[in-house]
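This report concerns only the one structure given below.
Every chain is numbered from 1 and lettered A, B, ... according to where its sequence line falls, protein lines coming before strand lines.
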2 protein chains.
Amino acid sequence: MNIGEIAKRAGVSRSTVSYALSGKRPVSEDTRQKIQRVIDELGYQPNASARALANGRTNTIGLVFPPAGNHYTGMQLDFIGSVTEAAASYDYDVLLSPSGADSDRSFQRLLGERRVDGAILMEIRLADDRLDHLTAVGFPSVAIGRTAHPEGSWWVGLDHTALAAACVHHLADLGHRRIAFVNRPEQLLRAGYESAHRGLDGFTKAAAERGLTVRTYCCGDDPASGHACLERILHDDPATTALVTLNEAALGGLYRGLAQAGRHVPRDFSVTGVVASRWAETVTPQLTAADVPAEQMGRLAVDLLVERLDHPDTPARHHLLTPPISLRASTAPAGTTPTAPAADPGPASTHP
Amino acid sequence: MNIGEIAKRAGVSRSTVSYALSGKRPVSEDTRQKIQRVIDELGYQPNASARALANGRTNTIGLVFPPAGNHYTGMQLDFIGSVTEAAASYDYDVLLSPSGADSDRSFQRLLGERRVDGAILMEIRLADDRLDHLTAVGFPSVAIGRTAHPEGSWWVGLDHTALAAACVHHLADLGHRRIAFVNRPEQLLRAGYESAHRGLDGFTKAAAERGLTVRTYCCGDDPASGHACLERILHDDPATTALVTLNEAALGGLYRGLAQAGRHVPRDFSVTGVVASRWAETVTPQLTAADVPAEQMGRLAVDLLVERLDHPDTPARHHLLTPPISLRASTAPAGTTPTAPAADPGPASTHP
DNA sequence: CACTTCACGCGAACCGGTTCGACGATCGGC
DNA sequence: GCCGATCGTCGAACCGGTTCGCGTGAAGTG
């Protein structure tokens with residue numbers, strides 16, 4: 001059932017059907033109704049490929065995935081969901097592109113084969129060749145995250161420096177003097193992931209400002225690594241009384257490690273960090289954290305991209321978000337029994 | 001840079017370039033190299049829309065989302081990731097379709113506008129009009145989940161009945177006599193979600209078989225609901241000593257409720273269920289559960305779909321999986337102190 | 001009544017690929 | 001030396017839309 005078929009049955013030409021549908025030229029009320037009736041009857045819908053070929057727009061945006069293997073974190077899920085929904089509200093579809101191991105192939109396909117009108121990139125690195133390439137060829141894109149030199153490009157990001165610093169100040173205000181920082185995996189830090197870098201930066205500077213004793217750690221994106229990381233922390237400095245984490249996937253393991261070491265949260269040990277609220281609320285006690293507004297970020301990214309697609313000459317825009325720390329139940333004043341392990345080892349037992 | 005440009009620079013016709021690329025007709029080694037050189041030089045990639053229009057295949061598969069609003073569970077994330085990767089390995093792209101509130105519009109677009117060659121559907125209902133429609137029009141699709149009458153259609157699913165029953169038997173073998181069942185939200189149960197129905201079924205039958213006293217609950221897909229649900233459970237029957245859950249998003253809340261009620265897991269209360277391993281390992285103590293092999297399921301779904309696309313006349317195939325229960329740390333024999341609350345209320349305090 | 005004006009609708013060209021039928025050149029066989 | 005098969009290439013048609021220029025009939029104007 002193509003447009004020619006509709007035209008034939010309605011007794012008009014193909015172009016008239018096209019104009020009746022697009023409204024780009026006036027069509028008399030009579031013929032419009034005649035055409036509409038045939039369309040309704042046959043349930044006709046124009047072929048997307050043909051339309052894309054003719055007018056050069058696919059009405060699809062690409063969502064470029066991190067090269068993080070098959071390990072997706074919760075935040076990414078939230079991005080995907082919110083981007084998809086926001087795109088749908090603009091009548092755009094979303095094409096997923098795992099810029100994974102063979103990043104080039106899949107990524108190049110999106111652009112070279114013109115499958116998408118624009119792209120949204122996740123998991124940005126400070127020096128991001130994907131973005132460099134896109135801006136070099138002038139391809140419309142919006143980054144979720146910002147590079148070292150974001151001037152003149154489109155993005156929506158979190159002020160990781162400020163957020164990590166806020167966590168430090170929160171702990172320092174509570175009297176903690178020896179704190180640890182649990183970052184994303186070392187491999188990602190080395191790759192230049194912006195959240196890992198800026199977060200570490202903010203943590204380190206704020207800690208220096210407040211004269212705290214700190215140690216920083218990288219930690220795999222899974223509970224087992226979190227558990228192991230926590231054991232290292234307490235081994236390296238048993239007097240540590242608090243930690244800041246950017247690693248939501250490790251959170252469960254960090255808590256488990258604390259329980260096993262007999263440190264009660266928040267009585268003996270405070271935990272905070274930068275984590276999406278749905279994960280902060282999953283652990284017990286709930287995590288006091290700067291909540292990553294993933295859904296809002298996804299929607300903003302789509303808004304920006306659509307604006308850029310509709311008005312190609314608009315100067316670059318961006319949104320830098322700094323959500324406040326949500327006080328929940330995982331932090332408390334330090335100092336009642338700063339270094340001694342808790343007296344009651346009961347709750348920590350985990351025998352099978 | 002289109003195929004005509006390549007042809008001109010290589011001094012051949014457009015059709016020759018096409019044949020050189022597709023290999024569907026022999027091309028002399030000389031001209032092939034000449035063409036290849038030009039292509040490499042210009043970085044030419046054929047336009048996807050034009051190709052799709054010409055040969056009727058988009059090389060894209062649609063991944064149809066649940067109508068669950070903007071609330072995505074962890075399992076869905078795993079599906080999305082594994083489907084995307086598996087599809088990439090077959091050179092297919094993945095188009096996301098939120099068959100959400102206005103399910104029709106987005107869903108119909110995929111099919112009617114021929115944006116995709118085939119579709120993978122998630123969150124299947126026992127009576128699923130989307131699937132009925134697809135099979136009615138003969139559109140190639142594979143379901144992740146199975147309807148009430150899956151004969152003759154393509155799917156990969158979990159034997160929820162058997163899994164829930166296995167959980168019951170596991171608890172019964174440990175001596176538990178009064179257990180609760182925590183299902184997905186009531187709204188989904190009423191909508192006919194197959195996991196909710198078959199799981200409930202398997203639970204009920206197995207419990208009857210073993211002569212257990214049971215109560216069943218529906219619970220929202222979030223920690224707060226889980227917490228509330230657990231309070232209801234203990235209020236309705238304080239002698240309950242174990243629960244089975246299908247609701248991974250509520251898991252954190254269930255644990256929190258138990259801690260707050262002074263029930264130590266697994267000493268005073270056993271918890272098990274059907275949950276993806278990454279979530280089972282996030283809670284403390286780690287959940288003894290039938291691990292949902294989400295990644296494997298995603299890959300299998302793609303395998304089936306690609307087979308169906310390549311061989312349109314193959315009879316329907318499917319995979320029914322029954323993963324074993326992974327013994328972790330959340331279940332223990334009942335009976336040492338079956339009904340009395342734990343003596344030590346310490347670990348349950350959650351003051352801010 | 002002749003002339004412009006306008007509203008509508010038509011045909012043809014185009015987007016960038018694929019595919020089919022045909023044609024010229026080369027080759028081997030008798 | 002002529003004929004038929006084979007190989008490599010070309011031109012044209014087609015996929016299903018969109019868009020431009022033009023023609024036609026009716027309405028408006030002096």
Measure CG/B/D30 against P/D/dC7 and give the value in whole Å, please.
17 Å
Is it the case that more than 12 heavy atoms not belonging to B/R114 sit under 6.0 Å from its CZ atom?
no
Can A/R9 and A/E5 be counted as an ion pair, charged N to O under 4.0 angstrom?
yes
So B/S28, base contact, sugar-phosphate only, or nothing? Heavy-atom distance under 4.0 Å.
sugar-phosphate
Let's go through B/T60 and B/R115 carefully: what are the C-alpha distance in whole Å and the side-chain angles of both, what is the deciding distance for side chain to side chain contact (heavy atoms under 4.5 Å, CB included) to 0.1 Å, and is it a yes or a no?
CA-CA 7 Å; B/T60 303; B/R115 280 178 192 270; over 6 Å; no
Check B/Y44 against B/I6 and note the closest heavy-atom contact, atom names and distance.
CB-CD1, 3.6 Å
Atom-to-atom span, CD1 of B/I35 to P of D/dG8 - whole angstrom:
13 Å
Without decimals, in angstroms, what is the distance between B/R14 CZ and D/dA12 C1'?
10 Å
Starting at the 5' end of DNA chain D, which residue's closest nucleotide do you reach first, B/A50 or B/P26?
B/P26
What one should report as the nearest heavy-atom pair of A/L158 and A/R146 is O-NH1, 3.5 Å
Exercise: identify the closest heavy-atom pair between A/D132 and A/T135
O-OG1, 3.0 Å
Just checking B/S22: base, sugar-phosphate only, or nothing, at a heavy-atom cut-off of under 4.0 Å?
nothing
Tightest non-hydrogen contact, residues B/I144 and B/A301, listed as CG1-CB, 4.0 Å
Polar atoms only, N or O, under 3.5 Å: list the protein pairs with nucleotides 21-24 of chain D and their distances.
from	atom 1	to	atom 2	distance (Å)
D/dG21	N7	A/R25	NH2	3.1
D/dG21	O6	A/R25	NH1	2.4
D/dG21	O6	A/R25	NH2	3.4

For the helix from C/dC1-D/dG30 to C/dC30-D/dG1, what angle lies between the axis at the first five pairs and the axis at the last five pairs, to 10 degrees?
50°
Base, sugar-phosphate, or nothing: which does B/S13 touch, judged by heavy atoms less than 4.0 Å apart?
base
Side chain A/T58, main chain A/A52, donor-acceptor under 3.5 Å:
no
Nearest atoms (heavy-atom pairs only) where A/N59 meets B/R109
O-NH2, 4.4 Å
Identify, between B/R51 and A/V12, the residue whose nearest nucleotide on DNA chain C lies closer to the 5' end.
A/V12
Boundaries of the DNA chain C segment in contact with chain B, non-hydrogen, under 4.0 Å
C/dG16 to C/dA22
A/N55 CG to D/dC20 C1', in whole Å, measures 15 Å
Would you confirm whether A/R299, through its side chain, and A/S82, through its main-chain N or O, come within 3.5 Å as a donor-acceptor pair?
no
Atom CD1 in A/I3, atom CD1 in A/I35: separation rounded to 0.5 Å?
8.5 Å
